[in-house]
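Presented below is the structure to which this report refers.
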Amino acid sequence: MQEIDVLRAENVLLKELAALSEQRYEEIKRLRKENEELKKQLEQLTKQLFGQGTDSWFMHTVKRQQALKQGVQLPLSTPFSFAEKKK
């Protein structure tokens, strides 16, 4: 009788572990989907940032500092390069 109780307890634990695994799997799927959406948003923001125009480095830095003071989340990329501009 004791062995039956042990087997039942193991069965309950296995069912709980299976349920937890399923929850984690669903959470991973949700996080992957969220990650893809965030990547798309980042890509769009980067395109917008590069397409906005030609602020000077100084003005770009000042705007970033003001935005950071206000708590605005900014992309880490920058529109500046050391290459010559095309005319």
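From I28, atom CD1 reaches atom CG of N35 across 12.5 Å, with rounding to the nearest 0.5 Å. Atom CD of residue E10 and atom CG of residue L14 lie 7.0 Å apart, to the nearest 0.5 angstrom. The distance from the CG atom of N11 to the CD1 atom of I4 is 13.0 Å, given to the nearest 0.5 Å. Atom CD of E43 sits about 10.5 Å away from atom CG of L45, to the nearest 0.5 Å.
Under a cut-off of 6.0 angstrom, the local environment of CD in E22 is sparse, with at most 12 non-hydrogen atoms contributed by other residues, nucleotides or ligands. No more than 12 heavy atoms of other residues, nucleotides or ligands shown are found within 6.0 angstrom of CZ on R24.
With E34 as the fixed residue, the side chain to side chain contact (heavy atoms under 4.5 Å, CB included) test singles out one of E36, R30, E37: R30.
Side-chain contact between Q23 and E26 is absent, with no heavy atoms from C-beta onward closer than 4.5 Å.
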